[in-house]
Number of protein chains: 2
Amino acid sequence: MTPEGKKPDISPALCGYSKALEILSDKWTALAIHAMDGESIRYGVMKSRISGISQKMLTQTLRRLERDGLVRREVFATVPPSTEYSLTPLGESLLPVLKRMKEWADAHYSSVERAREAL
Amino acid sequence: MTPEGKKPDISPALCGYSKALEILSDKWTALAIHAMDGESIRYGVMKSRISGISQKMLTQTLRRLERDGLVRREVFATVPPSTEYSLTPLGESLLPVLKRMKEWADAHYSSVERAREAL
DNA sequence: CGGAATCCGATTAGATACTG
DNA sequence: CAGTATCTAATCGGATTCCG
């Protein structure tokens with residue numbers, strides 16, 4: 001069964017896993033996307049919702065998501081000024097993927113913790 | 001519509017996204033899991049399959065996966081010695097999650113690249 | 001063969017201070 | 001309010017060397 005021939009190389013530059021992770025893998029990206037799920041949200045509100053994020057990291061995360069076409073940024077010239085962030089359709093297409101990750105964690109993360117303790 | 005009440009805080013320590021990413025988020029983990037998909041594989045074979053990985057990073061990645069209960073390590077006292085790595089059931093439970101990530105990348109990554117070029 | 005240990009340069013991220 | 005700029009501590013990862 002399963003006669004393994006020579007598989008092609010597994011490469012960070014070509015593999016789909018790595019491409020998805022290139023976008024999702026940092027500490028704050030998934031949390032920021034989650035904060036924008038279903039609503040437009042102001043910078044300050046997002047910052048206060050995401051526990052522990054610095055304004056530097058929030059700005060950096062949002063800039064990258066905007067550059068990648070996942071997030072839309074709208075500036076309002078009010079006094080004081082406000083900025084609203086929301087997901088583009090491309091950004092929304094990531095939500096099911098994140099949902100699956102969350103489902104896995106909810107179902108299996110306790111097993112990981114038990115494995116760690118068993119050392 | 002969608003009258004947003006005060007949502008609970010979004011925290012890296014508590015959020016399911018972050019728990020899953022804590023395991024998957026580094027550069028090599030997903031590729032290593034992919035290499036073990038469906039088969040037991042020797043250290044050296046894995047190293048040669050995964051383009052660009054150093055032995056330090058491969059060992060580090062595998063040690064962490066083993067500690068987390070996702071990977072099984074078997075040492076054979078042959079001459080020369082050999083070590084086989086394979087996924088545990090817990091590790092296999094991650095495969096559908098990774099598959100989803102790959103599917104997203106295959107379907108949407110080109111849009112990300114186009115967004116980047118449009119700057 | 002399959003590692004562990006050390007060294008060291010590069011990247012990262014928090015804190016702080018300043019601005020339109 | 002929503003950033004930008006700078007500095008610095010810590011972490012990361014590649015290369016190298018040595019071991020069972």
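Numbered from 1 within each chain, the chains take letters A, B, ... in sequence-line order. As the structure is a prediction and not an experimental result, all values here were calculated from the model.
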So how far is it from [X] [atom1] to [Y] [atom2], rounded to the nearest 0.5 Å?
{"X": "B/Leu31", "Y": "B/Ile53", "atom1": "CG", "atom2": "CD1", "answer": "7.5 Å"}
{"X": "B/Thr83", "Y": "B/Leu62", "atom1": "OG1", "atom2": "CG", "answer": "10.0 Å"}
{"X": "B/Ser86", "Y": "B/Met36", "atom1": "OG", "atom2": "CE", "answer": "8.0 Å"}
{"X": "B/Asp68", "Y": "B/Thr88", "atom1": "CG", "atom2": "OG1", "answer": "10.0 Å"}
{"X": "B/Leu90", "Y": "B/Arg72", "atom1": "CG", "atom2": "CZ", "answer": "11.0 Å"}

Inset, instruction - Check each residue of residues 66-87 of chain B for a non-hydrogen atom within less than 4.0 Å of any atom in DNA chain C, then write out the ones that pass by number, or none. - result: B/Arg73, B/Pro80, B/Pro81, B/Ser82, B/Thr83, B/Tyr85
Could you pull out every donor-acceptor pair under 3.5 Å between side chains of residues 95-102 of chain A and any protein atom, sequence neighbours left out?
unit_1	atom_1	unit_2	atom_2	d
A/Lys102	NZ	A/Asp106	OD2	3.2

Legend entry - Validation row: A/His108, B/Leu70 side chains within 4.5 angstrom (heavy atoms): no
Inset, instruction - Report yes if some heavy atom in the side chain of A/Met46 is under 4.5 Å from a heavy atom in the side chain of A/Arg49; otherwise report no. - result: no
Inset, instruction - Remember a base hit wins even if backbone is also touched, and classify A/Lys56 as base, sugar-phosphate or nothing at under 4.0 Å, heavy atoms. - result: base
Can you check the [X] [atom1] to [N] [atom2] distance for me, whole Å?
{"X": "B/Ile53", "N": "D/dA15", "atom1": "CD1", "atom2": "C1'", "value": "15 Å"}
{"X": "B/Lys47", "N": "D/dG14", "atom1": "NZ", "atom2": "P", "value": "10 Å"}
{"X": "A/Gln55", "N": "D/dC1", "atom1": "CD", "atom2": "C1'", "value": "12 Å"}
{"X": "A/Met46", "N": "D/dA2", "atom1": "CE", "atom2": "P", "value": "9 Å"}
{"X": "B/Asp26", "N": "D/dG13", "atom1": "CG", "atom2": "P", "value": "7 Å"}
{"X": "B/Met57", "N": "D/dT11", "atom1": "CE", "atom2": "P", "value": "15 Å"}
{"X": "B/Arg64", "N": "D/dG13", "atom1": "CZ", "atom2": "P", "value": "10 Å"}

Taking only distance into account, with no hydrogens and no angle test, what donor-acceptor pairs under 3.5 Å do side-chain atoms of residues 16-26 of chain B form with protein atoms, sequence neighbours excluded?
unit_1	atom_1	unit_2	atom_2	d
B/Tyr17	OH	A/His34	ND1	3.3
B/Glu22	OE1	A/Tyr109	OH	2.7
B/Glu22	OE2	A/Tyr109	OH	3.0
B/Glu22	OE2	A/Arg116	NH1	2.9
B/Glu22	OE2	A/Arg116	NH2	2.8
B/Ser25	OG	B/Leu21	O	2.9
B/Asp26	OD1	B/Trp28	N	2.8
B/Asp26	OD2	B/Thr29	OG1	2.5
B/Asp26	OD2	B/Arg64	NH2	2.3

Inset, instruction - Give a yes/no answer on whether the side chain of A/Arg42 brings an N or O atom under 4.0 Å of OP1 or OP2 in D/dA2. - result: yes
Inset, instruction - Convert the base pairs of DNA chain C into dot-bracket notation, remembering that pairs crossing earlier ones are written with [ ] and that bases paired across to another strand are shown as |; include only Watson-Crick or G-U pairs under 3.5 Å. - result: ||||||||||||||||||||
Legend entry - Leading and trailing nucleotides of DNA chain C with any atom under 4.0 Å from heavy atoms of chain A: C/dA13 to C/dG20
Inset, instruction - Among residues two or more places apart or on two chains, list those pairs meeting ring pair (Phe, Tyr, Trp, His ring centres under 6.0 Å) that have a residue in residues 41-61 of chain A. - result: none
Inset, instruction - Determine the sole option in B/Glu66, B/Glu39, B/Arg73, B/Arg42 for which the side-chain hydrogen bond (donor to acceptor under 3.5 Å, both in side chains) test with B/Tyr85 is passed. - result: B/Arg73
